Amino acid sequence: MHVLLWTEVTVHSIMEINWLLFLPALLLVFYPLDNWLHGHHVRLRDYERLREDRLDAPDAWWRQPWFWVDPLRAFAGSWLLRNAWVIEPPLPGLWRHLPLLATVVVLALAVGVQMHTRRDDGVLFAPVGYTAGIVFGLMPPEVAILVVVLAGACLMAFRGWGAFFFCGSAAAGIFGYLILKVDVWMAATVLLLIEPLLLSLLVRRQLRLPISRGELVVRKLGTS
């Protein structure tokens, strides 16, 4: 796909999409977590309730398959998206950030999709692992590690899912600036990390982590 762009100096530039990267990226970032848990009995946990759950239980949070797959697919999807756009020849000024803008729009929509659930009208899923994967997909590893570690520390200190997103967003801005100076991908990461908290406040819904207790058993009642 080629999108023709005109610069101020009337030079033609083409923004090209690498479909081999773009299509898998869309599948990875947009597949809803709620669909993954379809047909499962799910408990919606705030941080305090999660801490009370036994770690040796069969349905403990660390034994949830989605808990480990979520950050991996978000990392792979965001990395593919970041590298799926090419502009030749490079555009001057703000036009050169079109790939960044396209990536941020796609990922912002994807985060909203991951948060949506039909299980409770007053709840949104807390995409903790998902946003951590995005951080590693968009930022250098030395920055991403610092951001995720600090966000996790704030989560344990303040005992709320919102603390993870607030502190993670702040850490991305601070560490990103100290290490990368002014970087547009740092700004994108800051926005994507704060999005879950802002969205939950905007729609007045609580952030909760889904814990699956296995597939629902449906009994068919026959007539005698």
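What you see is a predicted model; the values in this text were computed from it and never measured.
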Note, L138 side chain near L192 side chain (heavy atom, < 4.5 Å): yes

L107 side chain near S78 side chain, heavy-atom distance below 4.5 Å: yes

Same apolar cluster (I L V M F W Y, side chains within < 4.5 Å links), V113/W161: yes

V105 with L100, same ILVMFWY side-chain cluster at under 4.5 Å: yes

Least distance between heavy atoms, A151 atom then C167 atom: CA-CB, 4.4 Å

Heavy atoms from other residues, nucleotides or ligands near CZ of F22 exceed 12 (cutoff 6.0 Å): yes

Step-by-step side-chain contact (heavy atoms from CB on, under 4.5 Å) determination, Y130 to V29: CA-CA 9 Å; Y130 188 87; V29 300; 3.3 Å; yes

Rounded distance (nearest 0.5 Å) linking atom CG of L21 with atom CH2 of W85: 11.0 Å

Inter-residue atom distance M139.CE - T189.OG1, 0.5 Å rounding: 4.5 Å

Nearest non-hydrogen partners of A126 and F165, listed with the distance: C-CZ, 4.2 Å

Closest non-hydrogen atom pair, Y47 against R159: CD2-CA, 3.3 Å

L146 CG to F175 CZ distance, which is reported to the nearest 0.5 Å: 5.0 Å

Nearest non-hydrogen partners of F158 and A163, listed with the distance: CB-CB, 3.8 Å

pair P210-W66: side-chain heavy atoms closer than 4.5 Å: yes

Contacts of type ring pair (Phe, Tyr, Trp, His ring centres under 6.0 Å), residue F166, not counting sequence neighbours: none

Residues L209, L44; criterion side-chain contact (heavy atoms from CB on, under 4.5 Å); working and verdict: CA-CA 6 Å; L209 199 72; L44 300 172; over 6 Å; no

Reported CG-to-CG distance for the pair L155 and L150, which is rounded to 0.5 angstrom: 11.5 Å

Reported CG-to-CG distance for the pair L197 and L207, which is rounded to 0.5 angstrom: 7.0 Å

L198 side, atom CG; L202 side, atom CG - distance, nearest 0.5 Å: 8.5 Å

Any T131 side-chain heavy atom under 4.5 Å of P196 side chain: yes

Side chain N35, main chain Y31, donor-acceptor under 3.5 Å: no

Hphob cluster co-occupancy, I194 + L199, side-chain heavy atoms under 4.5 angstrom: yes

Verdict with supporting geometry, H116 and F125, side-chain contact (heavy atoms from CB on, under 4.5 Å): CA-CA 6 Å; H116 174 71; F125 285 160; over 6 Å; no

Least distance between heavy atoms, V148 atom then F164 atom: O-CE1, 4.5 Å

Heavy-atom check, side chain of I211 versus side chain of Q64, under 4.5 Å: yes

Linked, directly or transitively: L98 and L26 (ILVMFWY side chains, under 4.5 Å): yes

Within-4.5 Å side-chain heavy-atom neighbours: R208 and D46: yes

Student check: side-chain heavy atoms of L33 and D70 closer than 4.5 Å: yes

Side chain R73, main chain L28, donor-acceptor under 3.5 Å: yes

Test side chain to side chain contact (heavy atoms under 4.5 Å, CB included) applied to D34 and R119, M115, Q114, the passing residue: R119

same_hphob_cluster(F30, L27) at 4.5 Å side-chain heavy-atom cutoff: no

R82 charged N/C atom sitting above W185 aromatic ring, 6.0 Å / 45°: yes

Minimum side-chain heavy-atom gap V135-F75 below 4.5 Å: no

Heavy-atom closest contact (E195 atom, V111 atom, distance): OE1-CB, 3.5 Å

